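In this text the structure is predicted, and so the values were computed from the model without any measurement.
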Amino acid sequence: MTQETEHVQCLIIGSGPAGYTAAIYAARADLKPVMYTGIVPGGQLTQTTDVDNFPGYPNGIMGPEMMEDFRKQAERFGTDIRFGYVTKVDFSTQPHQVVVDESKTITADTVIIATGASAKWLGLESEQKYNGFGVSACAVCDGFFFKGQDVAIVGAGDTAAEEATYLAKLCKTVHMLVRRDEFRASKAMQHRVLNTPNIIIHYNSETKEILGDGKNVTGVRIVNNVNSEEKTIPVTGFFVAIGHNPNTEIFKGWLDMDETGYLITKPDSTQTNIEGVFACGDAQDKLWRQAVTAAGTGCIAALESERYLAAKEHQPVKSVIA
Ligand code: NDP
């Protein structure tokens, strides 16, 4: 595929909770895993604030700090962690071939896919135009720039609720645009939003256009989908929090996936339709999508890789489950 080639036993693609957990288990089983982190080392949790529901942190922890802990633990057992982005795969041969940054080919006996998911966008032209100039899909990354200002956030799930309350601490007013007459977010998150005085909820509201002065965002035009009434809200920041897409584009044509791109694995397993290729975390899980469930499937992927290699080589399994 490319001129520079390297062979590895176990290749892990992605560095969220699934990838790092797979790395910890694979390294302890002496598979000498090599991990390519992708463009966001640590994954989605590096773009969040408090994580209160990951077991083992009785007082909660900040997302980026937790991912640092994951990384250190994976490194402690010898995982070779590299910054790089997988651009192409070829699963037609054994070992499997994976191209990194369009310049290096890795051949791997087993591949663990832990590529996660990415934020969805509304798809408006104005959203693209002002992306980075007032439009953002990450309140935690960019909220700081809107200190004391009025902002809007679109979405009604747990992410939107969490980000709205985060923004409310920094900004003067947060306008929350909810397209139905109710939230999708859990009751606890809804409660937090409804009890934050500087969050104004606009139900049945859809975004028509993000307004700007050619340089920066100046407002948002919304329409009420019940009475068709339009109104303009002056804001300097516009945050999109409407869910995620699995990062599985490069596996199209090789791996079975559902209509939305989530990788399909065998029941009770992380095994894909290609032997020796395992999928875990948010790239494979459209239902639960929690850090702890991603870590769980990462563990399974590593154990299944180890068993696969052991069966191939007729060697006894060296699992360290403790
Ligand atoms: P969700 O898919 O749960 O919610 C997406 C939200 O965006 C929905 O309210 C949806 O509206 C709305 N939406 C989608 N498309 C549009 C659009 N074009 N215009 C306007 N609104 C739109 O995604 P989340 O990212 O919020 O959550 C993903 C998963 O992660 C969930 O399982 C959630 O529970 C979990 N999570 C848990 C957290 C925690 O426990 N601390 C924190 C964050 C997420 P509608 O409701 O009408 O479909």
task = For the pair Tyr20 and Phe70, name the ring-plane relationship: parallel under 30°, tilted 30 to 60°, perpendicular over 60°.
result = tilted
inquiry  = A side-chain contact here means heavy atoms from C-beta on lying under 4.5 Å apart; do Tyr36 and Ile106 qualify?
reply    = yes
request  = May I ask you to test the Gln97-Thr107 pair for a side-chain heavy-atom distance under 4.5 Å?
outcome  = yes
task = Answer whether the closest heavy-atom distance between the side chains of Ile274 and Val111 falls below 4.5 Å.
result = no
Phe251 side chain near Ile113 side chain, heavy-atom distance below 4.5 Å = yes
query = Are the side chains of Glu275 and Gln94 in touch, meaning some heavy atoms are under 4.5 Å apart?
reply = yes
Full working for salt bridge (Lys or Arg N to Asp or Glu O under 4.0 Å) between Arg179 and Glu206 = CA-CA 5 Å; Arg179 70 177 171 182; Glu206 289 176 33; over 6 Å; no
message = Between Glu209 and Arg221, does any side-chain N to carboxylate O distance fall below 4.0 Å?
response = yes
inquiry  = Side chains of Glu304 and Ser269: any donor to acceptor distance under 3.5 Å?
reply    = yes
message = Under the side-chain contact (heavy atoms from CB on, under 4.5 Å) test against Met35, which residue among Pro41, Cys10, Ser15 passes?
response = Ser15
inquiry  = Test side-chain contact (heavy atoms from CB on, under 4.5 Å) on Trp254 and His96; report intermediate values, then the result.
reply    = CA-CA 11 Å; Trp254 295 108; His96 303 299; over 6 Å; no
task = Heavy atoms only: give me the nearest Lys88-Ile250 pair and the separation to one decimal.
result = N-CG2, 4.5 Å
ask   = Can you name the disulfide bond (SG atoms under 2.5 Å apart) partners of Cys299, sequence neighbours left out?
value = none
request  = State, yes or no, whether a side-chain contact exists between Val217 and Thr236 at a heavy-atom distance under 4.5 Å.
outcome  = no
request  = Write down the atom of Glu75, the atom of Ile81, and the distance for their closest heavy-atom approach.
outcome  = CG-CD1, 3.5 Å
query = Taking Thr46 for the side chain and Gln44 for the main chain, is one N or O donor matched with an acceptor at less than 3.5 Å?
reply = no
inquiry  = Can you give me the closest heavy-atom contact between Ile199 and Met176, atom names plus distance?
reply    = CG2-CB, 4.1 Å
inquiry  = Angle between ring planes, His175 versus His202, binned at 30° and 60°: parallel, tilted or perpendicular?
reply    = tilted
query = Just checking, any donor-acceptor pair under 3.5 angstrom between side chains of Asp90 and Ser92?
reply = yes
request  = Would you check if Pro55 and Val292 make a side-chain contact, meaning some heavy-atom pair closer than 4.5 Å?
outcome  = yes
ask   = Hey, does Ile61 have a side-chain heavy atom less than 4.5 Å from the side chain of Asp69?
value = yes
ask   = Can we say Glu68 and Arg71 salt-bridge, meaning some charged N sits less than 4.0 Å from an Asp/Glu carboxylate O?
value = yes
request  = Answer yes or no: does atom CG of Asp268 have more than 12 heavy-atom neighbours from other residues, nucleotides or ligands under 6.0 Å?
outcome  = no
